[in-house]
Amino acid sequence: MSQVKKVRGFQDIYGEDAKKYRFVVETARKIFEDYNFSEIILPYVEDVSLFVRSVGEETDIVQKEMYVFEDRGGRKVALRPEGTASAVRAYIEEGLYAKGGYQKLFYEGAMFRYERPQAGRYRQFHQIGAEIFGANSPLSDAELIKMVKDILDQLGIQTRLEINTLGDFESRRRYIDVLRSFLKERQDLLCEDCKRRIERNPLRVLDCKVESCREATKDAPVLIDYISDQSLQRFEKLKEYLKAMGISFIFNPRLVRGLDYYTDTVFEFITDKIGAQGTVAAGGRYDTLVKQLGGPETPALGFAAGIERLMLLVEKLPEEKDLVVVIPVVSEFNIEGLKIADRLRKKGIKTELILKEGSLKSKMKLANKIGGRFVVFASENPELKDMETGEQEKFENAEDLIDVLAEKTVKP
RNA sequence: GAGGGUGUAGCUCAGCUGGCAGAGCACAAGGUUGUGGCCCUUGGGGUCGCGGGUUCAAGUCCCGUCACCCUCCCCA
């Protein structure tokens, strides 16, 4: 009988990794809440057209990475490849714009992209993200970036921040046309990948690592010359705000994002500690997307961060509670063991009742193996053993023992 | 979609020019009949990823296939 294995690109997250996962999510959640963002729990399945219209018809995500299928009702649906599209859809569909002011939302969960798995990349991966709808001021750009930075700092993750502005939708479109014709003239000098990029994603050519491409595009038209004064002013403000907040950044005029909907501000937090997949969190402004998806004209911006990649960078987890192990010395004291464990847990003490019967020696080995800090022997006269010092104390009754133990265990 | 690497015990791996499938760790029992870690003894464990071929003989050589890891592409 052959064994069933997990599907390529999918993973079980358990043990230390599960702890890291929770640490990342809970840290982010706390900061989202401190910034007064509200959670939105979004569906994993959406109409395919949502992603075609937002992420972009020509992007790799839509062209070849989406899990698309027909449900039993004949609907063409997709497992979501990213979170922003769903958030925008919900913002419109649930009429959140009618609440007035602006909306700040965060989400967390799985995303699906059919890609070749590699370090820090899976077909089911997990993101945390946040979106701000209806805020136009560069204050919102600055605050979003600051919030992401806070999360990374809180996780103890070192990155560099790169920022750029893509200008508004129209000026970017004009620039892309000019750039495309420039690249076409020189396509013989470009690498194979870049030749394909001319149609697909010409901005990306400027970011190519191949030396010959860099050379060929040295005097390419620059985006900043095509950007409106209004966009430039916004960008200047943003830089001013970041500086005032003590956030260091690198202006990277060639930074582009892979999704079509971005306008004006884009940013990435990057590390070079985890191999090729160095972008750990990224986002930007998308002022035309809400309208494009059928909502009212609404300025918006957001970011997403890959939990798996953050996990690779998390070095130390917060301290855990001391573990107390309860061992019935012989099976006659099993009930006593159950009772003691119950009382310890009610006091908020992390307690493992040894669930195997056998020699006391084997139970002690197990207590040691699972990292018990203290052992309580359940018997007629209960005893408390400190596993670090080896000291052991006998008690008249369980009550006294539990009181002493409650003093000794560390409760963070 | 393109390239490279690796598949042998639960885990990490060794196994030379083909000749009885191994080590360490882990697991179980014992070395104190109610006490862990260190040490010692003993023990259980394998269709050598899968399929085919060459050979008296294949973990080893050849062909195919699958999976995983890594890189490019793309992205978080």
Side-chain angles (χ1 to χ4, degrees), chain A residues 1-3 5-11 24 55-56 58-66 81-84 108 110-129 148 159 191-197 200-201 204 207-210 256-259 267-271 274-284 302-313 325 327-333 354 356 358-381 383-392 394:
Chain A
M1 192 69 82
S2 64
Q3 184 188 186
K5 299 256 192 74
K6 56 184 175 286
V7 174
R8 182 169 167 79
F10 290 74
Q11 53 168 345
V24 168
V55 174
E58 293 302 318
T59 58
D60 280 3
I61 291 177
V62 167
Q63 287 287 316
K64 50 186 197 191
E65 295 175 3
M66 274 206 293
E82 61 113 40
T84 299
E108 169 251 321
M111 309 292 163
F112 302 85
R113 291 182 200 172
Y114 192 88
E115 295 179 275
R116 198 85 174 241
Q118 64 185 270
R121 178 196 286 174
Y122 303 90
R123 288 180 176 175
Q124 177 185 324
F125 61 105
H126 301 81
Q127 289 187 330
I128 48 175
V148 179
T159 54
C191 70
E192 284 309 306
D193 287 328
C194 282
K195 279 177 191 154
R196 279 186 292 109
R197 285 171 180 147
R200 266 292 167 76
N201 188 359
R204 187 63 178 69
D207 202 26
C208 185
K209 294 170 203 87
V210 177
V256 295
R257 316 272 16 269
L259 286 67
F267 63 89
E268 288 191 9
F269 286 88
I270 303 166
T271 174
I274 54 172
Q277 314 305 321
T279 300
V280 133
F303 90 99
I307 297 177
E308 283 81 358
R309 290 183 193 178
L310 295 174
M311 283 165 61
L312 291 173
L313 292 162
V325 177
I327 298 179
V329 289
V330 287
S331 54
E332 283 71 51
F333 296 106
I354 291 292
K356 282 172 86 172
S359 68
L360 184 54
K361 180 173 178 162
S362 67
K363 292 177 190 173
M364 278 302 285
K365 277 192 173 182
L366 195 50
N368 187 62
K369 189 179 151 71
I370 62 180
R373 178 68 182 75
F374 297 97
V375 166
V376 174
F377 296 104
S379 66
E380 63 269 25
N381 289 117
E383 295 186 50
L384 174 61
K385 179 164 189 160
D386 184 322
M387 293 293 273
E388 262 172 35
T389 64
E391 283 167 21
Q392 193 163 328
K394 199 174 236 173

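Protein chains get the first letters and strands the later ones, always in sequence-line order, with residue 1 at the start of each.
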Nearest atoms (heavy-atom pairs only) where A:Q11 meets A:E308: NE2-OE2, 3.1 Å

Within-4.5 Å side-chain heavy-atom neighbours: A:M364 and A:M387: yes

Any donor-acceptor N/O pair under 3.5 Å between B:U35 base and A:K385 side chain: yes

Sugar-phosphate, base or nothing in reach of A:E268, heavy atoms under 4.0 Å: nothing

Residue whose closest nucleotide on RNA chain B lies nearer the 5' end, A:S362 versus A:R196: A:S362

B:C48 and B:U42, which share atom name P, separated by this distance in whole Å: 28 Å

Base of B:G36 paired with side chain of A:N368 (donor-acceptor, under 3.5 Å): yes

Distance between P atoms of B:G44 and B:A28 (Å, rounded): 16 Å

Aromatic ring of A:F125 stacked on base six-ring of B:A76, 5.5 Å, 30°: yes

Complementary nucleotide of B:C68, counting Watson-Crick and G-U pairs under 3.5 Å: B:G5

Base-pairing mate for B:G24 - Watson-Crick or G-U, with both contacts under 3.5 Å: B:C11

Whole-Å distance separating the NZ atom of A:K365 from the P atom of B:A28: 7 Å

Nearest-angstrom distance, C1' atom, B:C16 to B:C72: 36 Å

Interatomic distance at P, B:G19 relative to B:C62, whole Å: 15 Å

Sugar-phosphate only, base, or nothing, as touched by A:G390 at under 4.0 Å among non-hydrogen atoms: base

Counterpart base for B:C61, defined by Watson-Crick or G-U wobble contacts under 3.5 Å: B:G53

Interatomic distance, A:Q11 CD vs B:A76 P [rounded to whole Å]: 18 Å

Distance, rounded to the nearest Å, where A:D60 contributes CG and B:C73 contributes P: 11 Å

Upstream residue (5' side of RNA chain B) when A:I307 and A:S359 are each assigned their closest nucleotide: A:S359

From NZ (A:K363) to CD1 (A:I354), nearest 0.5 Å: 8.5 Å

Given B:U35, B:A76, B:G36, the nucleotide with the shortest approach to the side chain of A:E115: B:A76

Under 4.0 angstrom between A:R8 side-chain N/O and B:C68 OP1 or OP2: yes

Counter-base of B:C74, judged by Watson-Crick or G-U geometry with both distances under 3.5 Å: none

Check: B:C73 base within 3.5 Å donor-acceptor of A:R116 side chain: no

Pair partner, B:G45 [Watson-Crick or wobble, under 3.5 Å]: none

Gap in Å between the two P atoms, one belonging to B:G10 and one to B:G1, rounded: 33 Å

Verdict with supporting geometry, A:V325 and A:F374, side chain to side chain contact (heavy atoms under 4.5 Å, CB included): CA-CA 6 Å; A:V325 177; A:F374 297 97; over 6 Å; no

Distance in Å, A:K385 NZ paired with A:E388 CD, rounded so as to fall on 0.5 Å steps: 13.0 Å

Rounded distance in Å between the P positions of B:A58 and B:C50: 15 Å

Closest nucleotide among B:G36, B:A76, B:C70 to the A:Q118 side chain: B:C70

Inter-nucleotide P distance (B:A26, B:C40), Å rounded: 12 Å

Integer angstrom distance from the P of B:A9 to that of B:G3: 30 Å

Criterion side chain to side chain contact (heavy atoms under 4.5 Å, CB included) on A:R116 and A:R8, from CA distance to verdict: CA-CA 9 Å; A:R116 198 85 174 241; A:R8 182 169 167 79; 3.3 Å; yes

Sidechain-backbone polar pair: A:R123 side chain, A:P117 backbone, donor-acceptor under 3.5 Å: no

Nucleotide B:C68, atom P - distance to NZ of A:K6 in whole Å: 8 Å

Touch class at under 4.0 angstrom, heavy-atom based, for A:E380 against every strand present: base

Sugar-phosphate only, base, or nothing, as touched by A:K363 at under 4.0 Å among non-hydrogen atoms: nothing

